[in-house]
Structure formats: C-alpha cells, structure tokens
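In this chain, residues are counted from 1 in sequence order.
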Amino acid sequence: MWRLTDDQRDFRERLRSVVLQEIRPRVLEIDENCEYPHDIHRRLAGEGLLGLAVPREDGGRGETEVSFCAFVEE
C-alpha cells in the first residue's frame, strides 16, 4: 500500500483550504451565472496551485500525477 508524501499531503491540505474557503460557498452562484470566477483563478495562482502538469523549467510546478489527482478530486 502506498501513502502520500509529506509534500503531497501539504499540497492537498492547502488546496482543500482554498476550496472550502473560496469555492464551496460560491458553487451555486458560479453555476447559475455561468461566469468564469476570475477572482478564484487569481487566488489559486497566488497560492501556487496552478500549472501542476507544466514542467518546472517551463514555469510550472512539475507535480506528480498523484498531486494532479488531488487537485482534481478537491
């Protein structure tokens, strides 16, 4: 059985915090208005939670597939 690394757990918890604070309370509003939430995008970018699959040498995070799955699940 495999386990998340400390970095992967930290990443998941940081992401979960943003989701619970910023996204979850506004899900219905975002869905009903059919508008892209630019403020949430800026927050995710500011937290360094975007560019997961982009290699570090190209300006991304260069994260593993496991971290990307954590992002999608949250």
Practice item. Determine whether Ile30 and Ile40 make a side-chain contact, defined as any pair of heavy atoms from C-beta on separated by less than 4.5 Å. Key: yes
Point to revise | side chain to side chain donor-acceptor pair (under 3.5 Å) pairs, two or more places apart, involving residues 35-46 | key: Glu22-Arg43, Arg26-Asp39, Arg43-Glu47
Exercise for review: Kindly write out the residues that satisfy side chain to side chain contact (heavy atoms under 4.5 Å, CB included) with Thr5, not counting sequence neighbours, or none if the list is empty.
Suggested key: Asp7, Gln8
Point to revise | side chain to side chain donor-acceptor pair (under 3.5 Å) partners for Asp6, two or more places apart | key: Arg9
Check your understanding: Are side-chain N/O atoms of Gln21 and Ser17 paired as donor and acceptor at under 3.5 Å?
Key -> yes
Practice item. Using a cut-off of 6.0 Å, state whether more than 12 heavy atoms not belonging to Arg24 lie near its atom CZ. Key: no
Revision key, fill the gap. In short, Pro25 meets Val19 closest at the heavy-atom pair CD-O, 4.2 Å
Check your understanding: Between CG of Leu44 and CD1 of Ile23, what distance do you get to the nearest 0.5 Å?
Key -> 5.0 Å
Exercise for review: Report the residues that fulfil side chain to side chain donor-acceptor pair (under 3.5 Å) with Arg12, sequence neighbours left out, ordered by chain and then residue number.
Suggested key: none
Review point. Between the main-chain N or O of Val54 and the side-chain N or O of Asp58, is there a donor-acceptor pair closer than 3.5 Å?
Key: no
Exercise for review: Following the transitive rule for hydrophobic clusters with a side-chain heavy-atom cut-off under 4.5 Å over Ile, Leu, Val, Met, Phe, Trp and Tyr, establish whether Phe11 and Leu50 coincide in one cluster.
Suggested key: yes
Exercise for review: State whether the number of non-hydrogen atoms from other residues, nucleotides or ligands found under 6.0 Å of Glu65 atom CD is greater than 12.
Suggested key: no
